[in-house]
Structure formats: structure tokens, C-alpha cells
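So the structure is just underneath, and the comments pick up after that.
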Amino acid sequence: MKMDYLSVTDLTAELTKKLIIKAIDLKKQNYRGNELKGKTVALIFEKPSLRTRTTFEVAIFHLGGYPIYLAPGDIKLGVREPVKDVARNLDKWVDAIVARVFDHRTLLELSEYARIPVINALSDLEHPCQALADFMTIYEIAGTFDVKLSFIGDSNNVANSLMLLSAMMGTDFSLAHPPGYEPDSLVVEKALDLAAESGSVITITTDPVEAAKHADFVYTDVWTSMGQESEREKRVRDFQGYQVNSELLEYASKDVRVMHCLPAHRGEEITEEVMESERSVVFQQAENRLHTEKSLFLEIFKG
Ligand code: CP
Ligand code: NVA
């Protein structure tokens, strides 16, 4: 059976941990290999990207494969032809699809119609490859997943993947969001089910101080995600008080590290001072995207 990675929940906690430990090893070795020799991977992007596109292309190249970047204007997914037709063309030529889409249902349709693995490079619902690199970063720093991770801001794709992965890995997770920006109820329900098994504590609040209290890692993401640009002014108003700044970090653990998936909007969800401080691990997170994606490909194409 083909292995997709559309949600962090597509891998078990055990396999996720194995994949992260492998990624740490690949990083140490500055690994180059031939596991993808003769293989091609289509990278479909409906939105812009720096980190995701570059790290996927480099990961594929370092493993001996060949990436084919399909820009938003190139194939006009679902407009020039239906998603299911794109899937049934690509699977005749390439060995996997990596796709960044507006609507998560597009990934489900690609997966249903393509007989090859499909990897989520960000959708409106999840950003699993980001969360994988973030948990590698947490593990590198803390040596365990048994920490408290706080997310302050918009309960979006990144927050969803972090909440679910925390619940899987036994990590305590607290989310603070403004009223009216509640997280997806199905994601919360799933996270609570997973947390009941792993023992992690999931807290959802509108109080950023409560969420940040004793946190080992404080995470934030933009208030206006790609595709929400028309809501920007309203969001900037609604998210006042949900900034990660040095006052908020006073409530966190004294060794707190600050995380951000990037790109960051300094002066909105995070201050310049905190972004540039020694507590910030944002570029380590970005670096780790390459290694977790290599590790993911090794798992997908093993044997
Ligand atoms: N964090 C992240 O996914 O960055 P890009 O949007 O640049 O790919
Ligand atoms: N939530 C952001 C993440 C960018 C990597 C967005 O969807 O634009």
C-alpha cells in the first residue's frame, strides 16, 4: 500500500519518533545517497514558498532523485483540468506528489486518484512537514518530547499539526487564540482522543498568559495566512494582545525557546527583539525541514 503524509496522524507516534531520530542522524552526516535514484517527484504549489519548495527540491536531489516544480500558473490545478485528471496523469510519470494547496480536499482527491504517495506541503488544515521539523528541533534541544509547547495566535494549519503531533508524542500543548478564532472542532476532538492515550495535556484558552505559563517552547505563526490577505486589517485588530514579546515570555520557563514556522511578520505576531534573541530557534527549525523531509522520503521509498 502506498504511504501518504497528509496529516501528522498518518504516521504512528513510534514511527514519527524513529523518523525524527533518523533525521538527526542524516543532519549529522550531511547525508547524500542514492535511494531516490531514477525517481521523480512532482512538486505542485498553489501558493508561494521559500522553505518548503527549496528543502523538498534539495532533499530529493541529495537522495539522487529529480524534482519537477509545477508553479501555480503552470498547471492551474482544478481550473485547467480536474484534480482527479491531474492525479491520473502524474502517476503515470512520477513516483510521488508533494502538493501545497488552498483546500485540504484537493490533497484527498489527489491521493484518491493517484497510485503514488502524496505529501502535504501545507493546506488550509495542516502543515505536517513543518510540525515534523519542529518536533525534531524540540528533541534536539530538550532531548525529549515531554515538554510544554505553547502556541499563541491563530489556530491555523500550523497550530493544528502541532496540536495533533503534541497529542501523539505526549507533549503538553496549550493554545491561546482571540475570541472568534477557535480551533477546528474536529482537530481538537482528535487531539483529545490521542492525548488520552499518550498522557499529554491539551489546553485551549483565550488567555495568552495562561497558555505561556511555564512553557518550554513558545510558538507563533502569522495572523494572516496565505489566502486570507483580504482579512488582514480585521485580523491585525483582533489579534492585538496575542503577540509573542518579552513581556509574555516572562511567564514562560526561564530557558524558554521561541519558535516560528516563518515567514514572520515582525511587529505583528512577534517582535523583532524576540525574533533576533538567543531564545529564538526559528532558523534551526527551517534547517531541519531538509532533514525531516529526507527522512520522510527514506521511509516512503524504503525497500
Ligand atoms: N514554513 C514554511 O512552510 O515556509 P514556506 O511558506 O516558505 O515554504
Ligand atoms: N499559516 C501560514 C503558514 C506559512 C508557512 C500560512 O498558511 O500562510
Side-chain angles (χ1 to χ4, degrees), residues 5-8 23 41-60 67 69-72 97-107 119-138 149-165 175-178 181-184 187 217-232 234-236 238-239 242-244 258-266 268-270 275 280-294 296:
Y5 196 57
L6 304 186
S7 163
V8 289
V41 180
L43 307 177
I44 301 176
F45 279 73
E46 291 191 318
K47 304 178 185 183
S49 168
L50 169 67
R51 280 149 291 273
T52 308
R53 178 189 171 180
T54 310
T55 54
F56 268 110
E57 289 211 22
V58 173
I60 293 161
Y69 175 65
L70 300 167
I97 298 172
V98 172
R100 167 167 289 194
V101 299
F102 284 97
D103 188 333
H104 192 78
R105 285 171 302 185
T106 303
L107 291 173
I119 299 173
N120 179 357
L122 180 147
S123 69
D124 56 340
L125 188 64
E126 278 206 51
H127 195 0
C129 297
Q130 178 68 48
L132 213 48
D134 298 338
F135 270 66
M136 169 176 171
T137 309
I138 289 173
L149 169 63
S150 297
F151 187 99
I152 313 291
D154 191 21
S155 31
N156 56 19
N157 41 15
V158 172
N160 286 344
S161 289
L162 292 172
M163 187 190 321
L164 290 166
L165 196 51
L175 169 77
H177 65 83
Y181 293 87
E182 286 70 29
D184 184 294
V187 171
F217 294 87
V218 170
Y219 200 120
T220 190
D221 182 16
V222 291
W223 292 340
T224 307
S225 282
M226 291 180 277
Q228 299 174 328
E229 289 77 7
S230 65
E231 300 169 29
R232 182 162 183 272
K234 177 171 163 39
R235 286 177 162 267
V236 169
D238 293 347
F239 281 84
Y242 291 84
Q243 185 186 61
V244 172
V258 176
M259 306 181 79
H260 195 308
C261 54
L262 305 178
H265 295 165
R266 291 164 162 88
E268 290 188 16
E269 77 277 0
I270 191 164
M275 261 291 287
S280 163
V281 296
V282 301
F283 299 110
Q284 187 175 343
Q285 293 171 256
E287 180 180 10
N288 288 343
R289 293 289 306 270
L290 174 64
H291 308 292
T292 42
E293 284 156 19
K294 272 187 195 170
L296 184 62

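None of these values were measured; they are calculated from a predicted model. Every number for a ligand or one of its atoms is a count from 1 in the order of the listing.
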Return yes when atom CZ of R266 has more than 12 non-hydrogen atoms of other residues, nucleotides or ligands closer than 6.0 Å, and no otherwise.
-> yes
Check each N or O atom of ligand 2 against all protein N or O atoms and list the pairs under 3.5 Å, with atom names and distances to 0.1 Å, one per line.
residue, atom, partner, partner atom, Å
ligand 2, 1 (N), N156, ND2, 3.2
ligand 2, 1 (N), N157, OD1, 2.9
ligand 2, 1 (N), D221, OD2, 2.6
ligand 2, 1 (N), S225, OG, 2.7
ligand 2, 7 (O), N157, ND2, 2.9
ligand 2, 7 (O), S225, OG, 3.4
ligand 2, 8 (O), M226, N, 2.8

Quick one: do the N156 and D221 side chains pair a donor with an acceptor below 3.5 Å?
-> yes
Rounded to the nearest 0.5 Å, the OG atom of S155 sits from the CG atom of N160 at a distance of 7.0 Å
Side chains of Q285 and D134, donor plus acceptor under 3.5 Å = yes
Taking atom types as modelled, find out whether S7 and E126 have a side-chain donor-acceptor pair closer than 3.5 angstrom.
-> yes
Establish, from distance only, whether the side-chain atoms of E269 and T220 form a donor-acceptor pair under 3.5 Å.
-> no
Tell me whether the centres of the aromatic rings in Y242 and Y181 are closer together than 6.0 Å.
-> no
side-chain contact (heavy atoms from CB on, under 4.5 Å) partner of F135, the single match among V8, N288, L149, T292 = L149
Using the six-membered ring of F45, assess whether NZ or CZ of R53 lies under 6.0 Å from its centre and within 45 degrees of the ring axis.
-> no
Could you pull out every protein residue that has a heavy atom closer than 4.0 Å to ligand 1, ordered by chain and then number?
-> S49, L50, R51, T52, R100, H127, Q130, C261, L262, R289
